[in-house]
Amino acid sequence: MDSEKIKQAVTLFLEGIGEDVEREGLIETPDRVARMCEEIYGGLGKTAEEHLSKQFTVDNNDIVLVKDIMFYSTCEHHLLPFFGKAHIAYIPNGKVVGLSKLARAVEVYARRPQIQEQLTSQIADALEKYLAPNGVMVMLEAEHMCMSMRGIKKPGSQTVTYAARGCFANNYEKQRMFMDMVRS
C-alpha cells in the first residue's frame, strides 16, 4: 500500500470539497486515513489459505455452522461501508478447522473494496478450495451505507446473498436445514 499516494489523494479530496486542509482538525487527517487504509484494506492480495490450512481430523462429518460473524467491508462503487453478519456452514470430509479460522477467512475477503455478491462467493470458494469439504453454504446479511445515507436513503434495509457449494448446491433440504439453523 502506498501511504504517500493516499495522503496526497486525501488532501486533494478535502481541497476538492472546499475544506481548508490547514484547519486544526484536518492537519493530520491525510496521515490518519492512510493508516486506516492499511487496516480496512488489509485483505488485498491475501487469501484465507493461512487461516484454513491448519486442520484437525474428525470421525464425525455432520454440519459445522458458525453464525453471526460480524464483518465490515467497503462497496467498490461508492467507497462507502457495508456491514453485517456472515453465516458459514460446511460438512467436513474428515477434516475441520478451528472455529475462529472461519471468522478470519471472512475478514480476509471483507477487508478490500468489493461488492457483497463477490464477497459471498470468495468465502465459499476459499472454504471449498482449502478445506475440501463435502459441502459449503455461506450467507451474508448486510446494510449498505450507499443505500442508507445517500441515493435512495433507506436505512435499515438488508441485502442477503448466499452461495452453496458441493452437496449444498442442489440439495434444497440441506439448504433449508442451514437456513433453519441460522434463524434459530
Side-chain angles (χ1 to χ4, degrees), residues 1 36-76 80-148 156-184:
M1 202 163 294
M36 175 194 70
C37 286
E38 289 177 20
E39 181 180 347
I40 66 173
Y41 301 122
L44 286 166
K46 294 183 179 178
T47 69
E49 181 176 19
E50 71 177 281
H51 303 296
L52 299 176
S53 62
K54 183 169 175 124
Q55 301 175 11
F56 307 96
T57 303
V58 293
D59 294 329
N60 184 330
N61 287 328
D62 292 332
I63 272 186
V64 175
L65 170 73
V66 177
K67 64 181 189 174
D68 297 333
I69 302 167
M70 283 298 302
F71 72 89
Y72 300 88
S73 194
T74 305
C75 169
E76 66 185 26
L80 288 172
F82 66 95
F83 60 93
K85 294 178 180 180
H87 314 288
I88 298 174
Y90 70 99
I91 298 176
N93 189 9
K95 297 280 189 179
V96 295
V97 293
L99 299 176
S100 69
K101 303 306 184 189
L102 298 174
R104 291 185 190 281
V106 170
E107 286 298 305
V108 165
Y109 298 108
R111 292 181 183 264
R112 55 181 73 174
Q114 65 174 312
I115 58 174
Q116 181 176 333
E117 297 87 341
Q118 183 63 32
L119 175 57
T120 308
S121 291
Q122 288 171 334
I123 296 165
D125 292 343
L127 290 171
E128 187 173 50
K129 179 177 181 178
Y130 300 119
L131 287 181
N134 291 319
V136 173
M137 186 92 177
V138 175
M139 181 170 75
L140 302 184
E141 301 174 287
E143 181 171 352
H144 292 249
M145 291 294 98
C146 56
M147 283 186 57
S148 297
S157 62
Q158 295 282 304
T159 299
V160 179
T161 52
Y162 78 93
R165 305 286 187 268
C167 66
F168 280 104
N170 295 309
N171 188 323
Y172 300 112
E173 184 178 322
K174 285 197 184 320
Q175 289 179 19
R176 191 171 27 260
M177 179 188 292
F178 168 83
M179 296 295 183
D180 289 346
M181 290 172 74
V182 167
R183 298 293 177 224
S184 66

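Along the sequence shown, residues are numbered consecutively beginning with 1. Note that this is a predicted model, so its numbers are computed, not measured.
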Q) Is a side-chain donor or acceptor of Arg112 paired with a backbone partner of Gly43 at a separation under 3.5 angstrom? A) yes
Q) Do Glu117 and Thr161 meet the criterion of a side-chain donor-acceptor pair at a distance under 3.5 Å? A) no
Q) Hey, does Glu143 have a side-chain heavy atom less than 4.5 Å from the side chain of Ser148? A) yes
Q | Check against side-chain contact (heavy atoms from CB on, under 4.5 Å), Met1 and Tyr41 | A | CA-CA 9 Å; Met1 202 163 294; Tyr41 301 122; 3.8 Å; yes
(Q) For a quick check under 3.5 Å, do Gln114 and Gln122 share a side-chain donor-acceptor pair by atom type? (A) yes
Q. Rounded to the nearest 0.5 Å, how far apart are CZ of Arg111 and SG of Cys37?
A. 12.5 Å
(Q) Does any part of the side chain of Pro133, heavy atoms only, come nearer than 4.5 Å to the side chain of Ile91, both counted from C-beta? (A) no
Q: May I ask you to say whether Glu49 pairs ionically with Lys54, meaning some side-chain N is under 4.0 Å from a carboxylate O?
A: no
Q: Report the C-alpha distance between Lys174 and Cys167 in whole Å, list the side-chain angles of each, state the deciding distance to 0.1 Å, and finish with yes or no for side-chain contact (heavy atoms from CB on, under 4.5 Å).
A: CA-CA 8 Å; Lys174 285 197 184 320; Cys167 66; 3.9 Å; yes
Q: Report the distance from atom CG of Leu52 to atom CD of Glu128, rounding to the nearest 0.5 Å.
A: 12.5 Å
Q) What heavy-atom pair brings Ile63 and Ala89 nearest, and what distance separates the two atoms? A) CG2-CB, 4.5 Å
Q | More than 12 heavy atoms of other groups within 6.0 Å of Asn170 CG | A | no
Q) More than 12 heavy atoms of other residues, nucleotides or ligands under 6.0 Å from CZ of Phe71: is that the case? A) yes
Q | Closest heavy-atom pair and its distance - Leu44, Pro113 | A | CD2-CD, 4.1 Å
**Q.** Non-hydrogen atoms of Ala86 and Val106 that approach each other most closely
**A.** CB-CG2, 4.1 Å
Q. Would you call Lys67 and Met181 a side-chain contact if the rule is heavy atoms closer than 4.5 Å?
A. no
(Q) Just verifying a value: how many Å separate Asp180 CG and Leu65 CG, rounded to the nearest 0.5 Å? (A) 11.5 Å
Q. Taking C-beta and beyond as the side chain, do Val97 and Tyr130 meet within less than 4.5 Å on heavy atoms?
A. no
Q.
With a 4.5 Å cut-off on side-chain heavy atoms, are Val136 and Val138 touching?
A. yes
Q.
With a 4.5 Å cut-off on side-chain heavy atoms, are Lys95 and Thr57 touching?
A. yes
Q: Measure across Tyr109 and Ala126 and return the closest heavy-atom pair with its distance rounded to 0.1 Å.
A: OH-CB, 3.5 Å
Q: Just say parallel, tilted or perpendicular for the rings of Phe82 and His144, cut-offs at 30° and 60°.
A: parallel
Q | Flag, side chain of Asn61 to backbone of Gly94, donor-acceptor distance under 3.5 Å | A | yes
Q: Show the numbers, then the answer: is there a side-chain contact (heavy atoms from CB on, under 4.5 Å) between His51 and Val108?
A: CA-CA 9 Å; His51 303 296; Val108 165; 3.6 Å; yes
**Q.** Gap separating the CG atom of Leu80 from the OG atom of Ser73, nearest 0.5 angstrom
**A.** 12.0 Å
Q. Ala163 and Thr120: which non-hydrogen atoms are nearest, and at how many Å?
A. N-CG2, 3.6 Å
Q) In Å, rounded to the nearest 0.5 Å, how long is the span from OH of Tyr172 to CE of Met179? A) 12.0 Å
Q | Close side-chain approach of Tyr90 to Leu131, heavy-atom, < 4.5 Å | A | yes
Q. Under the side-chain contact (heavy atoms from CB on, under 4.5 Å) criterion, do Leu99 and Val64 qualify, and how do the steps go?
A. CA-CA 9 Å; Leu99 299 176; Val64 175; 4.0 Å; yes
Q. Is any side-chain heavy atom of Val96 closer than 4.5 Å to a side-chain heavy atom of Gln55?
A. no
Q | Exercise: do His87 and Glu141 side chains pair donor with acceptor under 3.5 Å | A | yes
Q) Hey, what do you get for CG (Leu127) to CG (Leu102), rounding to the nearest 0.5 Å? A) 6.0 Å
Q) Of the non-hydrogen atoms in Val182 and Met139, which two are nearest, and what is the gap between them? A) CG1-CE, 3.6 Å
